[in-house]
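Down below is the structure, laid out as structure tokens.
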Amino acid sequence: MKKQILVAGGTGYIGSHTTVELQNNGFEVIIADNLSNSKIEVLDGIEAITGIRPIFEKVDLSVIEETEAFFKKYSKVQAIIHFAANKAVGESVAKPLMYYRNNLNSLMNILEAMKEHKIPNLVFSSSCTVYGQPDKLPVTESTPRKEAESPYGNTKSISEDIIRDTVKAHPELKGIALRYFNPIGAHPSSKIGELPLGVPNNLIPFITQTVAGIRPELSVFGDDYSTPDGSCIRDYINVVDLAKAHVVAIERLLKNKNDSNYEYFNVGTGQGISVLEIIEGFERSTGKKVPHKIVARRPGDVEQIYADTSFANKTLGWKSESSLDDTLLSAWKWQENLK
Ligand code: UD1
């Protein structure tokens, strides 16, 4: 019998790619999603790639009654991957209560259900945002977390604490938090990818929409940072590579290979890339010009951050494999496919 994994937020960007990798590795996936920031058609893409349509339930896991009803029906799942959260930094500054309520309630409701139905394993979507602007680069897992720059970032930090404290009090439960750096790109089939509703906040969808003629030009937020070319530096991780890290984390928990009940890993490439280098890379890999102008810094942006991934490489046996150019090309092919 296939092992059942609940993917909360499975029609979203990272959730859909992870569902594909789980199904390709022999797991049965149940997706729970409220479709607040994703579309049901994503299931067609997943099915086209894997030949399997995941089970889908429209449910809002931030609502306790809906969560309880859902888990009564699916109490036999062996593990949960929790992606279902709001993720727009700017929106979280404007609507902090919405972010705290949604992101924290859903996590706590899931943890309650894990206790009640004896579901031992949780993989949680965390973020490099928990490091703030680190004093030393690259960041390792022992780099101290800093006060979050935004309510969104704070929900990730608080969520990590909630998981840590809960598995400590309930040793039958185990959790792994994956601290993603900047996920980009799309599945090589171009059947699933990032689907921002409205004006994109993130760099790569803004670039692809600009090149597609949907936006007039990209604004580069600042060229006066203390970096070699003056623009901000991030660690851009291919979304399929990132999805594979979840499969490895799930297998680690299912096989009881974890060293402690709560573990956390950096999931990045280890390479710091500037915004201007992304534009160059996009132009190189696609042959398309990216119209852009330099504007003022975006409030709340950290100057630079990239991962030391050696802990994940050694402990999970996982590493990022795709080249930046291939990843940027995959993002463009996905955008073209949307036409
Ligand atoms: C942020 C969060 C990250 C979160 C992600 C999801 C922080 C430090 N990081 O990533 O945890 O998972 O959002 O939304 O809070 N840029 C431009 N022009 C644009 C858009 C972006 O120049 O139109 C630049 C930004 O200044 C930044 C880089 O591109 O230097 C990446 O920005 P973005 O894609 O928004 O991600 P982060 O802000 O790094």
Side-chain angles (χ1 to χ4, degrees), residues 9 12-15 37 83-93 99 103 124-134 137 139 143 145-160 177-185 194-211 214-237 239 242 266-269 271-282 290-307 324 327-328 331:
Y13 174 42
I14 308 171
N37 195 26
F83 295 103
N86 293 122
K87 62 167 187 178
V89 175
E91 185 185 47
S92 79
V93 176
Y99 271 68
N103 292 6
F124 177 70
S125 286
S126 189
S127 165
C128 69
T129 195
V130 301
Y131 296 115
Q133 176 58 68
L137 290 164
V139 287
T143 298
R145 281 192 275 154
K146 284 201 173 160
E147 194 170 333
E149 300 273 346
S150 69
Y152 157 78
N154 208 19
T155 68
K156 293 298 176 190
S157 217
I158 297 170
S159 292
E160 287 199 5
L178 298 179
R179 293 176 176 168
Y180 316 150
F181 283 67
N182 286 57
I184 62 165
E194 193 167 6
L195 206 56
L197 305 179
V199 182
N201 293 300
N202 296 113
L203 179 62
I204 303 304
F206 207 103
I207 289 179
T208 58
Q209 290 195 6
T210 302
V211 174
I214 301 167
R215 316 264 159 225
E217 65 186 339
L218 168 74
S219 295
V220 173
F221 297 136
D223 69 346
D224 55 354
Y225 285 97
S226 300
T227 58
D229 66 20
S231 63
C232 287
I233 288 177
R234 298 285 183 275
D235 182 335
Y236 294 92
I237 169 84
V239 68
L242 174 60
N266 286 344
V267 188
T269 66
Q271 285 241 309
I273 306 284
S274 74
V275 177
L276 294 174
E277 284 171 333
I278 286 284
I279 295 172
E280 269 169 40
F282 190 90
V290 181
H292 64 278
K293 62 172 180 210
I294 310 291
V295 301
R297 294 179 178 196
R298 181 170 69 175
D301 265 341
V302 303
E303 178 176 282
Q304 43 184 322
I305 186 160
Y306 49 96
L324 179 64
T327 303
L328 292 169

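These values consider heavy atoms only, across backbone and side chains, with no hydrogens, waters or symmetry-generated copies. Atoms within a ligand are numbered from 1 in the order they appear, just like the ligands themselves.
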Just jot down the ligand 1 atoms closer than 4.0 angstrom to any heavy atom of Lys87, in number order.
6 (C), 14 (O)

Is there a donor-acceptor pair closer than 3.5 Å between any side-chain N or O of [X] and the backbone N or O of [Y]?
| X | Y | value |
| --- | --- | --- |
| Asn86 | Asn103 | no |
| Tyr236 | Gly185 | no |
| Arg179 | Val130 | no |

Within less than 4.0 angstrom of ligand 1, does [X] place any heavy atom?
| X | value |
| --- | --- |
| Ser219 | yes |
| Phe181 | no |
| Tyr180 | no |
| Arg298 | yes |

Tell me the nearest of [options] to [atom], using heavy-atom distances.
| atom | options | answer |
| --- | --- | --- |
| atom 3 (C) of ligand 1 | Ser127, Cys232, Pro196, Pro200 | Ser127 |
| atom 17 (C) of ligand 1 | Tyr225, Phe221, Tyr152 | Phe221 |
| atom 37 (P) of ligand 1 | Ile305, Asn182, Thr227 | Asn182 |

[Y] and [X], any side-chain heavy atoms less than 4.5 Å apart:
| X | Y | value |
| --- | --- | --- |
| Pro291 | Thr210 | yes |
| Glu91 | Tyr152 | no |
| Ser127 | Lys87 | no |

Going by atom types only, do Asn266 and Tyr131 share a side-chain donor-acceptor pair under 3.5 Å?
yes

Asp301 contact mode with ligand 1 (heavy-atom cut-off under 4.0 Å)
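Answer for Asp301: side chain.
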
For atom 39 (O) of ligand 1, which protein heavy atom lies nearest, and how many Å away is it?
Arg234 NE, 2.6 Å

Kindly confirm or rule out an N or O of Leu203 lying under 3.5 angstrom from an N or O of ligand 1.
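Yes, since at least one N or O of Leu203 sits under 3.5 Å from an N or O of ligand 1.
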
Apply the test side-chain hydrogen bond (donor to acceptor under 3.5 Å, both in side chains) to residues Gln304 and Thr227: give CA-CA distance (whole Å), side-chain angles for both, the deciding distance (0.1 Å), then the verdict.
CA-CA 8 Å; Gln304 43 184 322; Thr227 58; over 6 Å; no

